[in-house]
Structure formats: C-alpha cells, structure tokens
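Beneath this line is the structure, given in structure tokens, with notes to follow.
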Number of protein chains: 2
Amino acid sequence: MGNKNATDLLTVGSDRSPSRAREDYVKAIYQLGGGAPVRAAAVARYLNVSRVSVSKAKRLLEGDGLLEAEAAPAKPLRLSHKGRALAVAMVRRHRLLETFLHRSLDVPLERVHAEAERIEHVISDDLASRIAAFLGRPSSDPHGHPIPYDDATTSGGPLPTLASVAAGARVVVVSLDDRDDEAVGALASAGVLPGATLRVERSDTAKVRVRCGTRVVSLNRRHAAMVRIAT
Amino acid sequence: MGNKNATDLLTVGSDRSPSRAREDYVKAIYQLGGGAPVRAAAVARYLNVSRVSVSKAKRLLEGDGLLEAEAAPAKPLRLSHKGRALAVAMVRRHRLLETFLHRSLDVPLERVHAEAERIEHVISDDLASRIAAFLGRPSSDPHGHPIPYDDATTSGGPLPTLASVAAGARVVVVSLDDRDDEAVGALASAGVLPGATLRVERSDTAKVRVRCGTRVVSLNRRHAAMVRIAT
DNA sequence: CATTTTTGTTACCCATGGCTAACGCTAACC
DNA sequence: GGTTAGCGTTAGCCATGGGTAACAAAAATG
C-alpha cells in the first residue's frame with residue numbers, strides 16, 4: 001500500500017498546528033486590539049460565541065504559547081510574540097487570497113472574504129509566498145486593506161468612516177470592511193471602491209448621499225459606516 | 001459592529017456540510033472501491049485509523065445519507081448516490097487544485113498532493129469551476145489522473161504498474177500515485193512522468209531499470225509500483 | 001453611594017473524532 | 001475439523017469546541 005507519507009489525514013484533535021478555531025481566536029484578538037489587550041467579551045461578540053467559549057479558549061491558547069499568560073484576575077487577552085506573528089501571518093494569507101481570488105479568478109468582491117476565510121487556515125506559508133510572487137507582491141487587497149509582508153506593527157488608529165463626515169466634504173475611499181458581504185456588494189455596485197473620490201451631498205440619520213464620479217448614490221448609514229476614508 | 005453575515009466561524013461540530021473527516025471517509029471508500037462496496041478494514045488501513053473509528057464513522061455517514069444504510073451484518077460500505085456525487089466532487093477539486101498549483105504556482109510535483117489534500121475541503125464548487133475555467137478545463141492532473149467534469153462512472157479496472165512488466169517491454173507512463181510524495185519526487189527527477197515512453201531493461205526483485213529517452217534510470221520496486229502504464 | 005449591568009469563571013451537557021481492550025463471528029490454513 | 005487470523009462491534013476513555021445556568025466581582029449608571 002503506497003502509503004509512506006501517510007500523514008494521517010483524519011487527526012483533528014491531535015493536530016500539532018493551531019486549529020481553525022484557535023487561529024480565529026488569535027486573529028480576532030489581533031484585529032480587535034491591534035496589539036493592545038482585548039476584553040474577552042469583545043472577542044465573544046466578534047466571533048459570535050459565548051463568553052464561556054472564549055474563557056476556555058484562553059486556557060488552551062495560553063498552553064499553546066499564543067497568549068501571554070497573566071494569571072491576573074483582571075485579565076484582558078494579550079497576544080504573545082508567537083501569537084502576534086501568527087495573527088499577522090493569517091492577515092497576510094487572507095489578504096493575499098482575496099487579492100488572488102478577485103484578480104485572477106474573477107470572484108466577485110462581496111464573495112472573496114468568505115472564501116478566503118476558509119482557505120487561509122489550510123495553505124502553507126510556502127504557498128502564500130508563491131501567491132504573493134504570482135501577484136507581484138501587491139500592497140493592498142481589493143477592499144483597500146494593506147498586505148503585511150514583514151511582521152510590521154499595524155499603522156495608527158482606525159480611519160474615520162463615511163458615516164462620520166458632514167455634508168459638503170470631499171473624501172477619498174481608503175477601504176471597505178470586508179466582513180460585511182452585503183455592504184460590500186452594495187458599495188461595489190455603486191462604484192464606491194478604494195481610490196474613488198466622493199463628494200458628500202447630504203448626510204442625515206437614515207441615509208448618506210454622495211456623488212461618485214458622475215453618479216449620485218444614496219447609501220444607508222450602515223453601509224456608509226463600512227467605508228473608511230481620508231480627506 | 002459590522003457583522004451582519006456573521007456565519008459563526010468557529011462552529012466545528014455543528015457544521016451543516018460534511019466535515020473534513022467525513023469527506024475523507026467518502027473519498028477513501030470511493031477510491032478503494034470505485035463504486036463497488038468496500039470492506040471497513042480496508043478503509044481503516046487506507047486512512048491510518050482504527051477499525052473502530054470506521055465503524056463509528058459508518059453510522060454518522062449513514063445519518064448524513066452518504067452511505068447506503070444496509071442493516072445487514074455482512075456490511076461492506078457502499079456509497080449512496082449523494083455519497084458518490086460528493087466523492088466525485090472531491091476528486092475533481094483535488095485534481096483541479098493539483099493542476100493549478102503545479103501549472104500556475106510552480107509548486108513542485110511531489111508537494112501538490114499534500115497541499116491540495118487540505119484545500120479541497122474548503123473551496124466552494126463555484127471556486128472549483130472558476131479554477132477549471134482559468135486552466136481551460138484540463139483533462140488530467142499533473143500525475144496523469146483524469147479530471148471528472150460530470151459525475152461519470154470511473155473507467156475500467158486499474159492499469160498495470162511498472163513493477164509488473166517483464167524486461168524488454170516498451171511502455172507509456174499513464175500516471176503516478178500521488179499519495180506517495182517521496183516516490184513522486186524520485187520519479188519526477190528521473191523523468192518518469194505521464195506521457196513518457198519507457199523501455200524496461202531489467203526487472204528483478206529489488207530494482208527495475210528502465211530507459212527513459214536517452215537516460216537509463218534504476219528504480220526500486222516500491223517506486224515502480226507507483227507508476228501506472230499502458231503499452 | 002447604591003443599584004444595575006457587564007464580565008469572567010465554574011460546573012455541567014453535547015457531538016465529533018480519535019484511541020484501546022475485549023468479544024463474537026467468519027474465513028482461511030494446516 | 002481445529003486452530004488461527006481477520007473483521008466488525010461494543011464499551012469506555014480522551015481532547016476539542018460548542019452550548020446553559022449560575023455566581024461573584026468589577027464597572028457603569030443613576
């Protein structure tokens with residue numbers, strides 16, 4: 001039986017590398033805190049799991065050396081070096097995959113996130129490098145988020161969103177929040193994409209009306225809040 | 001919190017679609033039997049798990065409608081229609097991925113299998129179609145195995161291997177067994193690849209010596225057994 | 001400052017997917 | 001025909017990763 005490199009394919013529990021769930025916890029902590037400690041309840045909300053699950057995951061992640069073990073009862077979650085490196089690697093893989101899926105395989109913008117979300121857990125670092133090379137080491141993904149190539153610290157605080165500016169402003173779209181497929185689809189079909197210049201015509205509690213090139217589009221506030229901008 | 005399409009990412013157990021393990025069982029049954037019923041012990045050996053695990057998996061797979069439930073105590077494992085469709089889809093995804101990884105991303109032949117083995121469980125059918133289109137619907141993967149596009153029944157019985165022919169024969173390499181990375185690497189570097197014409201110079205219990213183009217290479221029997229041939 | 005809300009933890013339950021030990025049965029070997 | 005080998009199942013164990021219910025402590029609110 002030609003089964004030398006058996007690599008028992010069914011071993012879920014006894015896998016050495018961090019599992020899907022663990023990687024998601026690490027990524028969530030990183031994305032919520034950007035390096036700073038994060039409250040467990042925030043992680044729970046972000047991942048749609050109970051606080052209890054986060055509490056249990058905490059112990060496991062500490063055991064893996066991904067979380068700084070700090071027996072303090074105050075206990076915000078803080079990533080270790082190893083944890084931060086893993087988080088950055090996950091972000092890199094995710095954004096490279098999104099770029100690849102969109103640019104090379106024509107996957108619609110509002111669907112690349114979900115697809116990348118699953119694939120990012122199973123590709124090797126070698127494959128990620130090959131994808132980066134294939135794409136010419138792109139500097140940002142199709143939603144406008146930068147792709148980290150070293151383990152550089154994240155940039156400054158978050159940018160303001162389109163929901164936060166007053167009428168009359170002229171702004172440039174920097175990025176869309178890829179976690180909300182529905183908003184991404186609506187924004188993309190309205191032409192609100194990274195790099196676009198917008199003029200805010202009106203902004204009330206329900207809607208934000210912007211001019212985007214020649215078009216005038218009306219966005220609901222939830223969608224507008226998914227758009228990060230610069231002036 | 002921009003979390004509309006939350007799609008709780010951590011749900012492992014309560015996932016609706018067949019898990020990694022389930023897909024591997026179905027694929028193994030299909031590849032061992034090619035549609036015909038398969039003994040549970042054979043599946044256990046193929047996947048490097050205990051007979052007990054197969055026995056338990058059987059119940060779960062029957063519950064999923066992937067296995068024909070046949071309360072008979074004789075009990076060979078037989079895939080249902082749904083199970084066979086899943087198996088074929090898995091094979092298709094696997095071979096498309098191998099082709100893509102090798103052709104587009106230059107992943108070495110002996111590494112495409114392991115990488116595809118993990119990715120095949122997480123890509124959507126839509127993405128598989130896009131990869132197929134991107135590659136121009138290739139008819140076979142880089143090891144020489146055909147890529148099924150409909151749910152066509154598998155071809156006739158298995159071809160003879162290079163280990164089974166006598167000295168003097170002239171044969172054409174059809175495919176390599178991708179499950180043995182080490183053999184694939186050795187064969188590829190010897191030029192024994194699908195489409196190559198070989199002349200068998202000598203064949204004894206330890207080695208098989210073949211001429212491959214201008215080169216004469218000596219293969220050990222285990223490696224030779226991984227090469228499917230036609231005359 | 002008192003009350004209310006939020007938070008993190010414990011104790012317990014459930015399903016998946018591995019495992020070993022042990023049993024009864026079938027089938028093959030001598 | 002008797003022994004032996006192999007097969008499928010049961011019972012019971014373990015880790016992971018979900019979940020409730022309940023509670024004490026911390027934080028926010030009045």
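In what follows, chains carry the letters A, B, and so on, assigned in the order in which the sequence lines appear, proteins first and then strands, with residues in each chain numbered from 1.
In this structure, B:Glu98 does not pair ionically with B:Arg111, as no charged nitrogen and carboxylate oxygen lie closer than 4.0 Å.
For the pair B:Tyr25 and C:dG18, the criterion of a side-chain N or O lying under 4.0 Å from OP1 or OP2 is met. Side-chain N/O atoms of A:Arg59 include none lying less than 4.0 angstrom from OP1 or OP2 on D:dT16. Put simply, A:Ser53 has a side-chain N or O that comes within less than 4.0 Å of OP1 or OP2 on D:dG19. Between A:Arg20 and C:dT16, a side-chain N or O to OP1/OP2 separation shorter than 4.0 Å is absent. Put simply, A:Ser50 has no side-chain N or O that comes within less than 4.0 Å of OP1 or OP2 on D:dG18. For A:Arg51 and C:dT9, the shortest distance from a side-chain N or O to OP1 or OP2 is not below 4.0 Å.
Remark: the B:Lys56 side chain and the C:dG18 base include a donor-acceptor N/O pair separated by less than 3.5 Å.
Contact annotation: the side chain of A:His121 never approaches that of A:Ser19 to less than 4.5 Å [non-hydrogen atoms, C-beta and beyond].
When all heavy atoms are compared, the tightest approach of A:Pro138 to A:Ile147 is O-CD1, 3.7 Å.
Looking at which nucleotide of DNA chain C each of B:Val52 and B:Leu60 is closest to, the 5′-most match is held by B:Leu60.
Ring to ring, A:His113 and A:His143 are not that close: their centroids are 6.0 angstrom or more apart.
Nearest to the side chain of A:Arg39, among D:dG18, C:dT7, C:dG18, sits C:dT7. Counting only heavy atoms from C-beta on, B:Val49 has its side chain closest to C:dC19 among C:dT10, D:dG18, C:dC19.
Contacts of B:Val54 with the nucleic acid, taken as non-hydrogen atoms under 4.0 Å apart, are absent.
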